[in-house]
There are 2 protein chains.
Amino acid sequence: MKLKEFAREIGLSPTTVSRALSGYPEVNEATRARVMEEAARLGYRPNINAVRLATGRAGAIGVVMTKAGDYQFSEFMSGMADRLSSEDIDILITPMAEHDTGDELQLYRRLAESRRVDAVVIHSPRPRDPRIALLHQLKLPFIVHGRSATEVPHAWLDIDNEGAIKRSTEHLLDLGHRRIALLNGREGLTFTLHRLAGYRAALAERGVAFDPKLVTHGNFTDEIGFRFARTALEQRPRPTAFVAGSMMTALGVYRAARSMNLVIGRDISVIAHDDVFPYLTAENMAPSLSTTRSSIRAAGSRITDLLLQMLSGREASDIGELWPIELILRETSRPAPKDAAE
Amino acid sequence: MKLKEFAREIGLSPTTVSRALSGYPEVNEATRARVMEEAARLGYRPNINAVRLATGRAGAIGVVMTKAGDYQFSEFMSGMADRLSSEDIDILITPMAEHDTGDELQLYRRLAESRRVDAVVIHSPRPRDPRIALLHQLKLPFIVHGRSATEVPHAWLDIDNEGAIKRSTEHLLDLGHRRIALLNGREGLTFTLHRLAGYRAALAERGVAFDPKLVTHGNFTDEIGFRFARTALEQRPRPTAFVAGSMMTALGVYRAARSMNLVIGRDISVIAHDDVFPYLTAENMAPSLSTTRSSIRAAGSRITDLLLQMLSGREASDIGELWPIELILRETSRPAPKDAAE
DNA sequence: TTGAAAGCGGTACCAG
DNA sequence: CTGGTACCGCTTTCAA
């Protein structure tokens, strides 16, 4: 059923019906009530594409999906979905094709020009991220999940990566550890740099020398966690503690330690960052894993909320949230073994 | 720039331009080439919402996202994205609100009536899944990821869950195991029933009695894997092998075994189903995990492909693919310990 | 508070 | 092979 038919059916003009259904103030309340009721009864629903053409709104928030599978992605999406379930807005996933890899900007440009989305979320920013300048220039509203040092004003939400890793490192130092390895994220990303900064700051404060051999960069996979931990543990003197970037890398560290007959929580301490997953929890690891934790799902929800605010007129430059991280001590953060103190 | 302007600019009618750009056959090739070129030069792009209104096509494939986070989701999505990256079709995620939980059908009905998607993917079907009848009736093209016993004709793609679990179980029986525990999926879902059938069939063939205490149902989380394995391993005689529904439950089984000082691959065998994740791999577990494997990403890709075929006219009832599963033996499937043979 | 009518930006039928 | 034009279904001035 279309608007015209429906309007005729209930003896009103399309105009009034449209206004009643869209919540315009100038409609008599009694009329509105009747329209709503009749719409429900007769099953009238506006054609979304017509609405979009007429209003120019797309009714969707865009997310670009990189080809690399990412286990955090679905949690973030769930968070977005939580917030959007009460709105008439969808999430539009734009696949990033292989050939876009070299030219990611082109993808964002097309997305903006196609007007398929009202706003987008930018993930994994770099300190000077060209996507930010581009979207700003194209005037497509966006929010950055993470942070960037670019001078273009923009909305962002980030967790305190520097503080989190600093705190983990400090805690391990307090426990007497001196050789602490860091499993960092992919090189060049802002959060990776922040984590490194937190790590170095903690060492510097305690007068512990920074050793680049104790730091690695890469994706958050068990494989990388394992390989790096193996290599690190083969050094002499070997590290007595690891700061792991994710639960997956922590699993790799566990495995490396076991494969060398080292006991996590005794010979080796570990503190990992936990994005909070429903299917893999730090409490349930053996031994239970000490973590800095922050729900990526909550971030997805809040980011969506902020984006909706921007679509209602809030200034992007007003928006910037830095979420603190809690350090949760469990069984894997223990005093450094005496014999390893050199 | 809009079609009219662009057409005037290059001295052609909107009609011809539209046809040239959309690949209609009746356009002179020279004209088409020129139009394409000029469009690129002048940056003309059709307004997607106008196209959708005029054609009635939505340009998107829908996926309903349940509130529960699911670590397989993003891999499946990646697969879809792989296939769609060469098409002008997006993925539309519809959040399932809390209040839809009791009435999921309503959500699909709204999705269909809103015409926001051209087709949808149905996940986690049940033997008599009402969504299938509904979408069939609403004439929204769809494909089922999994299987359903409903008589309504429909397209589907599934992996051979029954065969996979049967094979795992048989293999363990061949190795001398007699008390084999099964960590199954959520109750009521088709794949859960299929897996149970495979398990029971293998036992029956070998004349091993079925013991319901050795079977559990639930989400694929490390937590559930741990809890069930603990309980099972406290029984006397205890199980000597586990067939785990996922990598995550397998992690729980590992932990349970360790917590009881049992050695996986010696005291306890494990074969799990692996959906193939880039960040957590069976080879890299310690000990390396024997699995039945099947890429959920490949399934996402193929399902999308089939959906596109349906949108081009292929009959839904023609489509049904059952993917075989390979059993990959690694270190966790070993002969049953002698002393456990009773 | 309500209604008439002109867009929104394309597509596709019908002529030529 | 190209063009004129009536839609697609809703929103939003403008007028009453």
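Computed over heavy atoms, backbone and side chain alike; hydrogens, waters and symmetry mates excluded.
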Taking 4.0 Å as the cut-off, does a side-chain nitrogen or oxygen of A:Tyr24 come that near to OP1 or OP2 on C:dT1? no
Ignoring backbone atoms, test whether A:Tyr44 places a side-chain nitrogen or oxygen under 4.0 Å from the OP1 or OP2 oxygen of D:dC10. yes
Starting at atom [atom1] of [X], determine the distance to atom [atom2] of [N], rounded to an integer number of angstrom.
{"X": "B:Lys4", "N": "C:dT11", "atom1": "NZ", "atom2": "C1'", "value": "13 Å"}
{"X": "B:Arg32", "N": "D:dT2", "atom1": "CZ", "atom2": "C1'", "value": "13 Å"}
{"X": "A:Glu29", "N": "C:dT2", "atom1": "CD", "atom2": "C1'", "value": "15 Å"}
{"X": "A:Leu21", "N": "C:dT1", "atom1": "CG", "atom2": "C1'", "value": "17 Å"}
{"X": "A:Glu5", "N": "D:dG9", "atom1": "CD", "atom2": "P", "value": "9 Å"}
{"X": "A:Glu26", "N": "D:dT13", "atom1": "CD", "atom2": "P", "value": "10 Å"}
{"X": "A:Arg116", "N": "C:dG10", "atom1": "CZ", "atom2": "C1'", "value": "16 Å"}

Classify the nucleic acid contact of A:Phe6 as base, sugar-phosphate or nothing, counting any heavy atom under 4.0 Å across all strands shown. nothing
Describe the nucleic acid contact of A:Arg115 in one word from base, sugar-phosphate, nothing, applying a heavy-atom distance below 4.0 Å.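 It contacts nothing in the nucleic acid.
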Kindly give the heavy-atom pair with the smallest separation between B:Arg302 and B:Asp305, and that separation in Å.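 Between these two residues, the closest heavy atoms are NH1-OD2, 2.9 Å.
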Could you pull out the closest heavy-atom pair between B:Leu21 and B:Ala39, with the gap in Å? CD1-CB, 4.5 Å
Shortest side-chain distance from [X], nucleotide among [options]:
{"X": "A:Leu12", "options": "C:dT1, C:dG3, D:dC10", "answer": "C:dG3"}
{"X": "B:Thr55", "options": "C:dT2, D:dT12, C:dT11", "answer": "C:dT11"}
{"X": "A:Leu53", "options": "C:dC13, D:dG9, C:dT11", "answer": "D:dG9"}
{"X": "B:Ala54", "options": "D:dT2, D:dC8, C:dA12", "answer": "D:dC8"}
{"X": "B:Ser18", "options": "C:dG9, C:dT11, D:dT2", "answer": "C:dT11"}
{"X": "A:Arg19", "options": "C:dG10, D:dT2, D:dT13", "answer": "D:dT13"}
{"X": "A:Asn47", "options": "D:dT2, D:dC10, D:dT12", "answer": "D:dC10"}
{"X": "A:Ser22", "options": "D:dT11, C:dG3, D:dT2", "answer": "D:dT11"}
{"X": "B:Val51", "options": "D:dT11, D:dT2, C:dT11", "answer": "C:dT11"}
{"X": "B:Leu3", "options": "C:dG10, D:dG3, C:dG7", "answer": "C:dG10"}

Just wondering, do A:Gln72 and A:Phe277 contact through their side chains at under 4.5 Å, heavy atoms?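 Counting from C-beta outward, A:Phe277 and A:Gln72 do come under 4.5 Å.
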Return the 5'-most residue of the pair B:Thr15, B:Asn49 with respect to DNA chain C, ranking by each residue's nearest nucleotide.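 Final value for this comparison: B:Asn49.
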Donor/acceptor link under 3.5 angstrom from A:Ser13 side chain onto base of C:dA4: no
Pair B:Glu5 + B:Arg8: basic N to acidic O under 4.0 Å: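 B:Arg8 and B:Glu5: not salt-bridged.
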Can you classify the ring geometry of A:His123 versus A:His145 as parallel (below 30°), tilted (30 to 60°) or perpendicular (above 60°)?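 Because their plane-to-plane angle is over 60°, the rings of A:His123 and A:His145 count as perpendicular.
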Where each residue is assigned the nucleotide of DNA chain D containing its nearest heavy atom, which of B:Pro25 and A:Ile48 is assigned the position nearer the 5′ end? B:Pro25
What is the distance from atom CD1 of B:Ile10 to atom OH of B:Tyr44, rounded to the nearest 0.5 Å? 10.0 Å
